[in-house]
Structures are given as structure tokens and as C-alpha cells.
Amino acid sequence: MKDYDPVEIEKKWQERWEEEGVDRAEVDESREPFYLIFAYPGVSGFLHLGHMRCYSYTDIIARYKRMEGYNVLFPTGTHPTGNQAYSLSKHLQEGVPEKIDYMKRNGATEEDIERVKDPMELVTYFNEVYIDKYWKKFGISIDFDYFTYSTREDYKQFIKWQFRKLKERGLLTQKDYFGTECIECGPVAVDPSETDLSKGGTAEKQEYTLLKFEYNGRYITAATLRPETVFGQTNLWVDPEEEYLVAEVQGEEWILSKEAVDKLKYQKDNVKVVDSIKGEEMIGNYATAPVIHRDIIILPASFTDPNVGTGIVTSVPSDAPYDWIALRDLKKNHELLKKYTLKDKIKEVAPIPIIESKDWGINPAEKIIHEMDIVSQDDNEKLEEATQRIYKSGFHTGKMLDICEKYSGMRVQETKELVKQDMIEEGEADVMYDLSEEVICRCGAKVVVGKIPDQWFIRYSDVELSEESKRHAENMDVKPQSYADNLSDTIEWFQDRSCARRGNWMGTEFPFDEEWVIEAIADSTLYPAYYIVAKHYNEGNIKVENMNEKFFDFVYLGRGKIAEVSEDTGLHKETIEQVRSDFTYWYPLNLNLGGKEHMTVHFPPFLMNHVAILNKEDRPLGIFVNWWLVGKSGKISKSKGGAEPIPNAAEKYGVDTLRLFYAHSASPFVDKEWSEDEVFNYRKKLNSIWNKVHRMKKIDGEETSVDDYLRSRFYSLLKEVKEHMDDHELRKAASVIYYHIPSEVDWYFKRGGTNGELLNEVAVGLLKLMVPFTPHIVEELSELWGLEFIVNTRLPEIPEDAISTKAELEEEYIKEVKADIKQILEVAEVDGEHIHLYVSPGWKERALTKILENPDKGMGLMGELTRELDAPPKEISRYVQQIFKTLREKGAKGSWSVELDEYDILEMSREFFEEEFTAKVKVYGPDDVSYDPGSKASQAIPRKPAIYVE
RNA sequence: GCGGGGGUAGCCAAGCAUGGCCAAAGGCGCAGGACUUAAGAUCCUGUCACGUAGGUGUCCGAGGGUUCAAAUCCCUUCCCCCGCACCA
């Protein structure tokens, strides 16, 4: 026997599969198709072992479906759209040392690096890496004849068609959008995983209501997150030391901090600075507050921050702890009051109650400051917490008090949005966006929220589309259940989504406005439909210029007359009809697999675009979401590194080992922490199966008494595997295949099983079940039987008479007796050289039958039983009670439901017990009490023989 | 805030839908043994407590309840994690 050498085996079989073309998918009308994909990767750099988890799951399902007899289509592509590939290429051009190091670490040569400074070359380079070093290396059974990627010209034709169809359905629209952008580089995502940020990835975009206070023909502006509190305004807070600017905005003059002007410039047109004004100049004066139209006083404060909002704060001391404490401090600060001659004026400034909440009543700020014992306005941490607590309780349980004009009595929740809208309509307020913390681009410039005028959107908010999609989602096969329960809500929540950008991005030119490039989510929704066409493009049957609107209309929608389409596209009728019939054969898509990050990003628009564009019968049927592989300190990520290159890992651990690790170490639906020790453990597991299968091949003996058991168990477990696989419960299936079945084989050997024919049958059956998970080792092992390309075979059928409950229960019985003997030997202080087994007397068996037939009669059976049975009534009574107790506690034991000849079974396995316990074993028949020094025989009951050890 | 997922033995992790052979799979770790002299071995055995006879007690975040029977169902409560949009 050779040793198990994964590296050699995996290379060998991957080559042979490729030669043989076992992954090829051709239309075959006689077979049912099964079409599945995984969410193709964005071309962003090297992938890691986390990605391989999803690809492995997809492959396991693909291979299993093939072995079930389906004609499986499993294509893939890549997705370079967006700026990730582009910016990596740019960084290499610039010679950024970390990026060069990153390339080298992952096996790129100097020539490679030189080459990929051209973004298009970078895409080609990574396509090769993904295909050769990842997918092929992992034995993923993809048919690469269908390969395509989203920046190829043919793919772009498809995307343009898709957008024409969206427009046709009225699903495209234009409106202003406020998005995050670097002031140097343009749009950038603010996201913790974003590689183009050097700071502030966790920042949130916030929408402030910008309140306008009339002041000498100008407006002092103050930003707030709580517009509903305007009714409680008592004063403004201004930093006397700060130099504020006067800016012309929308024909008005606004007073605000320099920093705020800088931000506003990106959000409003023609913002011009016309003047400046020192904070202290305003102190003690009055400005007219919005909504309440009262003149409120401007007071000095030091806690205002020019970076937050406008640098000027409106004060609501009743509800804002900061304001309350600042006001109190100021009232005590005689020096300051004197300096600005506020002594008399400030007396009038007092909190005005506006909201009543369940927890805090009215004037919550004052109450919470006392309760939390906050003494200083510099105690930021406590004040922040206090603000949060009040806000939370106010938002949910608060009601507006009577002074709040038309909003009196309304809930805070509703008032908030309403007040804001009303003020904006009246021209008393505006909207300003800001980030919750400072965000800096990789280039060193600031990231701001900027206005993008006339941004294109896909109208996912469309009611009809949402409803249709939701209805379809209800009937899809979605795993896991938690996501299935959620998908409809996610679709409902899914709002209009911007679908194009300007700037340096790779992607398809927007067909209605060439300045725009379609962005990455929007061009990756309908693509499974395109693989089928891509194959024809790859084979040269169709060219880019043939792929016009009529062509796709015909192929995807069955629209148009073939003669016209042929003329319009310049393609032969047969070609077009061939593409169309391929599409109708393979579509709809059966399963789309992707990581959990896609739950609210890719899957909803994937589904909705299908619903919006394709015919009803072509809507996708299933979604499978897998969770992540994580490192010790969180997600394994491209940006943070942390994982070794995939090809190295493949050789270090073995591909089959890794695949088994993915499949078995955790449910697909939880995050799994990477653990090298665990991976090696799976290597050992495969090693032990390797050895076991060799042993099974070698042993070639006669039939034995345990054959029925092994055969029955094997097929019972096979049935279980099928059930699990039908539910995509990969882990449970793997658990049966790699643990339960081998342990049944072990038991068979232990019990003296030697039947060569049966062992061959079970071994080959086991190998077939292993194919989807660990195909390489299986091919190698199946050579022992002279089988070639076992991956192309069908799963074993379950022979009609193979499953025998009786055979299984007999062994179960032996296991129980064995466990009982063992326990006794552990506890009892005896030598244990002789073991006596007493089968329960005949009358107990008969009584049991009677009881099981009349389970409701209870002790009422006693009379009947004493009459019929030849045993002392006292013993019968005790026994019957015992049986009822067991029935009540544990239900009808399985072995009670069939007849077993216990004496026979024990006698047949006497040798086994003798070997197990190195003891002499004697079995006594039902009414044989010829030797019973321990007086144990009477304890025997059916399926539980009495035991005496000495 | 909105939406979702969890808390199971030293650790990781099944089970929970459909209550009952559940003291609770599997793995890791730990302990003991076998085998060999090398391998990241392999194979047994044990790993809640007590117990001179196959038993008993306690146990699945905490507290209550339903039931003949609860890790599983219901209520209350504490704690942890994730997604929220132009980011693939």
C-alpha cells in the first residue's frame, strides 16, 4: 500500500480530468439540467482561503448533482468593474512599496508587476491566477468554456442591453444624490473594508437639519440631529474666539464656521465667502429662531466645535444635557457675564419643556444630570451617554407637549421628520450632510459628502417590481432558513440604487449618457444569463457587433421574428436559434451561492433584475448563503492580509483536506474560525480513510453473521446522506460519510466481519459518496478496483431488501449488552473471568407483547396476566410496573418492536464478548437457571439479559 | 434607531423546527495504555459528580411556567455578535 500523498494525487487527477473534459457541460435534452453559479469575484487582488469556502460548497453541490444524474452547468467569470482593479494597477504604476510587496508575496514576478501596470493587463493577469491557481488547483469542476468577465466588450454589450430593458420598464431615473467622495480622487466608499481609505472607515454619513436664524438680514446657521426640539430653543451657543464666515448660499448670506463652508461647497452650488465675523461680535445680540419665531439670545460657549455641524449650536436646555449644564455654568460665571454684559439678559433664559417621555417626564436634561451626577460640561463621556439615553426614550415613548403648536400631542417619532419637512418648505431650514468622524483618503486628502447632480438610479423602490419579486422570493429555495424568512423584507427595504458613476472606473459605458460608467452592483445581477451566450462568443460563433438589441431580445425574451433578427444582426438563423435554445434549456438558474455579505447587496438586485427583465419562467430558483472563514481577530480580508496564498495552502494541507474542513468543521451558516490544527486533523481523517479503504479491498473472506447489519447500516446512512444533500446540509452529509459510515465498518471488523463481496460494495459506495467533497483521493482509491473517473458515475441505488431494521436492532442489542457488562466490570470489584448472561424468561416476553398491544389498560391487565402466565403473581406485578415505568420514561424501546431470538444472538456473539472482555462467557436460555449463584437471572427482561460476573 | 443572529460541558461546536433511548454527536485539549522508535504518527480507553452490579444525582446564560416528560414549547430577564446601501 502506498502512503496517501495528496499533492501528487491532486495534480494527477486534475490533469486527467482536464484531458478527459469531465467538467464540460453540453445541452442534452434527454437529461434534466441543473444550473448553478457562485457569485463571481471582483478583481481586486489575490483571493484567500475564505473565498475558497464558497467555491468548495458550490463544487460539492455541482458534483453531487452530476452523480444524481443531472446535466450540470457550472460556469464562472470575474468582475473587474469598479475601481479596485484600477486602483491597484495605479498604485503599482506609482510604485507604492506595500503593493509591490503584496504582489511578490503572492507569487508575482517582476515581469508580471511590470505588465499589470496596465489595468486591462491586470485584469487578464488575475483572471489567469483565479483560474489556474485557485479554481483548477482546488478541483472546482467549472466548465471554463463559458468563462467571461465584466469588462470584456461582449459582456458590455449584454449590460447595455440590460439597461435598455430597465429603461423600457421605466426603472431608470435621475435625481440628486449625496455620496461620499475624496476631494482629490472622486467617489469612494466609506466602509471598514475599503482599501482606499487611510482613516475613518467606520464613519457614518449623517443628515443634519440646518436651522436658519435671521440676524441682521443674514442667517446664523446651526445644525441639529433633532429638529423636533426647535420648540425648546432658548439661545444660541457661539464660540467668542472663533472667526466665522459669511457665505453666500442660494442667494442668502449664511453665518457658519470655515470648516462648515468647506463642506457645504461640495453640497451646494456656487457657495461664495463674502465676509467674516468674529464670534464675540454676536454675543449678547438676538437672532430670530425658526418655527417659534422668537428672538433668542446668542451666548458664549467653548464646547462648540467648528468641525461639527456649523460650529454654532442651538440650545435646548430642557432636553439636551450639554445645553443644560452649559447654561448653568454660564449663569455662575460672573466674569464672563460681566465681560459681555449678560447679567440681566441671562435671567430670562430658562429651559422650556417640550417633550414628555415615559422614563423622564418633562425636562429630562436636568433630571438625568442629577441622576448621573454630572458636574462638569467637560465630562464628555457621561454627557454623551446621557444624551443617548434621553434620545432613546424620547424617540420611542415621547409625546410633544401643548406648546408645540400643530405638533402638540404627536409622537416624537412622527414629529421629527414632519418638522424638518415643514421648515424646509418654509425656507427656515436646509439639509446638510456630514460624516460622523474624520475620513481621510489613501491619497491624504479629505473625504467629504458631496452632491452628485442628476445621478442615475435603478428604481428598486418600484412597487410593482418589489411586490412581484417578493412573491417570487416566497417560492424560492433559499438557504439558510433565516435568510429565507428575511428575503422578502430585504426586498421591501431595498431602495433606489445609484447605478452609474463618473470618473476613473472600469465598466460599461452607460448607454443613454456616455459620460457615465455603470457601477459594480448594477452590472452583476443578471450575468448568469450571459454565461450561456459567452460560450458562443468564446467559440467565435458570434462577435461583438452581432450582439445588438434585437439579438438579446430574441435570445433572452423570445421576442422578434428570426428572419428579421438574422438580418439585423448579420448572424445565421441557426446560430441565433441555437443560442436561444441553449438559453431556454439551461435557464432558469437553479442555485446562486454567495457569502453573507451579499444578503443585502447582491442577492436582492440579482433577483429583482431577473424579475424586471426576463420572462416569468426564467426567474432564479434558489439561493445559498454561506458565512465567512475568519481569522483569530476577525474577518480574513484582502485588505488586512492574514492568510497565506492559496496555492501554498493547497500544497501544505492538501486540497481534499481543505475541502473537507470547509464542509465538515462547521455549518455553512456560521462564521468559522481558521484553525491549522483542525485542518491537520482532517488530513489525518483522510489518511485513516485511505488506510481503511485499502483494508476493505484486501479482506476477501466468507459471509458472516454481521453482513446484514453492515449492509443495512450502509444503505440507511446512504439514505440519510441523500436527504441531507437535498437540503444542502453539507455538514450533516459529510458527518455521515466521513464519520458514521467508517465507524460502522470498524464495528463490522470488530465483530469479525470478513465478507469480501460486501466490503467491496460498501467501499465503492463510500467512495462515491465522498466524490463531491474530496474527489481527488477518491479517484486514486477507486483505481484499486480498476475504476476510472468515478466522478462520472452515479450514486449507488438502495437495493430493495438491503435495509433491515431487525439486523440493525440485533447489533444494537449486542452493543447494549456489551456496554452493560463493561459498566458492571468497572464498578464491581470482581475478577471478571466469567460472564454469565441470562435471557429473560418466556413469560416476560409474552407479558410484554400483551402490554404493548394494550398500552392503555395499565395495571388492569394484571388479572389476565396472572391467569395466563406461569409465574408468581408478585413477580408479574413487579415486572409489569417496571415495564410501564420504562414506557413512560423512554417510550417504546426500538428493540421491543421486533422479535429477537436473544439466546441465539448472544450465543452467536459469545466469542466476540470473550475477546472483548478476555473472559469466559456462558449464555443461558429463557428458562435455564441451572447456574445462578448471584441470583441475577430473575432481573432479566426482554432485550436486557441479566448479567452475572465473577 | 431599523433589521437579523446567538448564549450548550476546559475550549470549539451539533442538537432546538416535529418535547421522550440527551449526561447531551463530533473535534480540540488533557490523562492513561498499546505499538514502535519515529511520525505534525497510528490505535484503543477515560474525561459532570457520586457509586464494591448495569444505578443515582446535578446539568444546556439566569428566573419562572406548561407537561407524565423540557437543552428543545411559553413568559420574564441579563449578556454577546452581525448588516444598514453605492462597498465587491
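Here is the naming used below: chain letters follow the sequence lines, and residue numbers restart at 1 for every chain. Here the structure is a predicted model, which means the values were calculated and not measured.
Remark: P of rG51(B) and CG of Leu825(A) are 19 Å apart, rounded to the nearest angstrom. Rounded to whole Å, the distance from CZ on Arg497(A) to C1' on rC84(B) is 11 Å. Atom CD1 in Ile458(A) sits roughly 13 Å away from atom C1' in rA85(B) (whole-Å rounding). A straight line from CD1 of Ile689(A) to P of rC43(B) spans 11 Å, rounded to a whole angstrom. Across the protein-nucleic acid pair, Ile491(A) atom CD1 and rG83(B) atom P stand 21 Å apart, rounded to whole Å. Rounded to whole Å, atom P of rC87(B) lies 14 Å from atom CZ of Phe494(A). Distance OH (Tyr460(A)) to P (rA85(B)): 17 Å, rounded to an integer number of Å. Rounded to a whole Å, the NZ atom of Lys479(A) is 17 Å from the P atom of rA17(B).
Salt bridge status for Lys479(A) with Glu729(A): absent, with no side-chain N to carboxylate O gap under 4.0 Å.
Glu676(A) comes within 4.0 angstrom of a base, heavy atoms only. Contacts of Gln481(A) with the nucleic acid, taken as non-hydrogen atoms under 4.0 Å apart, are absent. Residue contacts for Tyr483(A): at a heavy-atom cut-off of 4.0 Å it reaches no nucleic acid atom on any strand shown. Contacts of Asp523(A) with the nucleic acid, taken as non-hydrogen atoms under 4.0 Å apart, are absent. Residue Ser667(A) is classed as a sugar-phosphate contact, given heavy-atom separations below 4.0 Å to backbone atoms only. Among the protein residues, Ala520(A) comes within range of the sugar-phosphate backbone only, with heavy atoms under 4.0 Å from sugar or phosphate atoms but none that close to a base.
Rounded to whole Å, the separation between the C1' atoms of rG55(B) and rG6(B) comes to 37 Å. Comparing rU72(B) with rC84(B), their C1' atoms sit 33 Å apart, to the nearest whole Å. The same atom, P, is picked in rG20(B) and in rA25(B); the two are 15 Å apart, to the nearest Å. If you take atom P in rG15(B) and the same atom in rC73(B), they sit 13 Å apart, rounded to whole Å. Rounded to whole Å, the separation between the C1' atoms of rU47(B) and rA9(B) comes to 10 Å. Between rC74(B) and rC86(B), the two C1' atoms lie 43 Å apart (nearest whole Å). Only the C1' atoms considered, rU66(B) is 47 Å distant from rG32(B), to the nearest whole Å. Comparing rG3(B) with rU18(B), their P atoms sit 25 Å apart, to the nearest whole Å.
Out of rA88(B), rC12(B), rC43(B), the shortest distance to the side chain of Ser688(A) is found at rC43(B). Nearest nucleotide to the side chain of Asn486(A), out of rG4(B), rC87(B), rA85(B): rG4(B). Checking rG40(B), rC87(B), rG5(B) against the side-chain heavy atoms of Ser482(A) singles out rG5(B) as nearest. Proximity note for Thr600(A) (side chain, C-beta onward) versus rC82(B), rA85(B), rG83(B): the nearest is rG83(B).
Base pairing of rU42(B): its partner is rA34(B), meeting the Watson-Crick or G-U wobble criterion (both donor-acceptor distances under 3.5 Å). With a cut-off of 3.5 Å on both pairing distances, rU52(B) has no Watson-Crick or G-U wobble partner at all. Look at rC28(B): its Watson-Crick or wobble partner, with both distances under 3.5 angstrom, is rG10(B). As the counterpart of rC84(B), rG1(B) is assigned, both hydrogen-bonding distances of the Watson-Crick or G-U wobble pattern falling under 3.5 Å. Pairing for rU58(B) is absent, with no Watson-Crick or G-U wobble pair whose two atom distances lie under 3.5 Å.
Judged by ring centres under 5.5 Å apart and planes tilted less than 30 degrees, Trp493(A) stacks against the six-membered base ring of rA85(B).
Taking the six-membered ring for Trp and thresholds of 30 and 60 degrees, Phe913(A) and Phe917(A) have nearly parallel ring planes, at less than 30 degrees apart.
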Per-nt protein contacts along nucleotides 26-38 of chain B (heavy atom under 4.0 Å; B base, S backbone sugar-phosphate only, - none) come out as SSS----------
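Between Phe912(A) and Trp747(A), the ring center distance clears the sub-6.0 Å criterion. Between Phe46(A) and Phe126(A), the distance separating the two ring centers is shorter than 6.0 angstrom.
Taking the ring axis of Tyr739(A) as reference, the NZ or CZ atom of Lys685(A) stays within 45° of it and closer than 6.0 Å to the ring centre.
Scanning for side chain to side chain donor-acceptor pair (under 3.5 Å) contacts around Glu678(A) gives Lys672(A), with sequence neighbours left out. Every side chain to side chain donor-acceptor pair (under 3.5 Å) that Glu950(A) has, sequence neighbours left out, goes to His836(A), Tyr931(A). Judged as a side-chain contact (heavy atoms from CB on, under 4.5 Å), and not counting sequence neighbours, the contacts of Gln481(A) are Ala484(A), Asp485(A).
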Side chain to side chain contact (heavy atoms under 4.5 Å, CB included) for Tyr55(A) and Leu593(A)? Distances and angles first, verdict last. CA-CA 8 Å; Tyr55(A) 308 148; Leu593(A) 294 91; over 6 Å; no
Apply ring-ring contact (aromatic ring centres under 6.0 Å, His included) to residues Tyr433(A) and Tyr266(A) and explain how you reach the verdict. CA-CA 10 Å; Tyr433(A) 295 90; Tyr266(A) 296 97; over 10 Å; no
Below 3.5 Å, can you tabulate the donor-acceptor pairs from side chains in residues 447-455 of chain A to any protein atom, sequence neighbours excluded?
from      : atom 1 : to        : atom 2 : distance (Å)
Lys451(A) : NZ     : Asp269(A) : OD2    : 3.4
Gln455(A) : NE2    : Ala500(A) : O      : 2.8

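Of the residues listed (Lys692(A), Arg695(A), Arg713(A)), the one engaging Asp746(A) in a salt bridge (charged side-chain N to carboxylate O under 4.0 Å, His left out) is Lys692(A), and it is the only one.
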Atom pairs, N/O to N/O, protein against nucleotides 52-56 of chain B, distance under 3.5 Å?
from    : atom 1 : to        : atom 2 : distance (Å)
rA53(B) : N6     : Val949(A) : O      : 2.6
rA53(B) : N1     : Val949(A) : N      : 2.9
rG54(B) : O2'    : Asp820(A) : OD1    : 2.8
rG54(B) : O6     : Gln939(A) : OE1    : 2.7
rG54(B) : N1     : Pro945(A) : O      : 3.2
rG54(B) : N2     : Asp820(A) : OD2    : 3.0
rG54(B) : N2     : Pro945(A) : O      : 2.9
rG54(B) : N3     : Asp820(A) : OD2    : 3.4
rG55(B) : N7     : Gln823(A) : OE1    : 3.3

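Heavy-atom nearest nucleotides on RNA chain B were determined for Lys672(A) and for Asn691(A), and the one closer to the 5' end corresponds to Lys672(A). Nearest-nucleotide mapping onto RNA chain B: of Asp671(A) and Lys685(A), the residue sitting toward the 5' end is Asp671(A).
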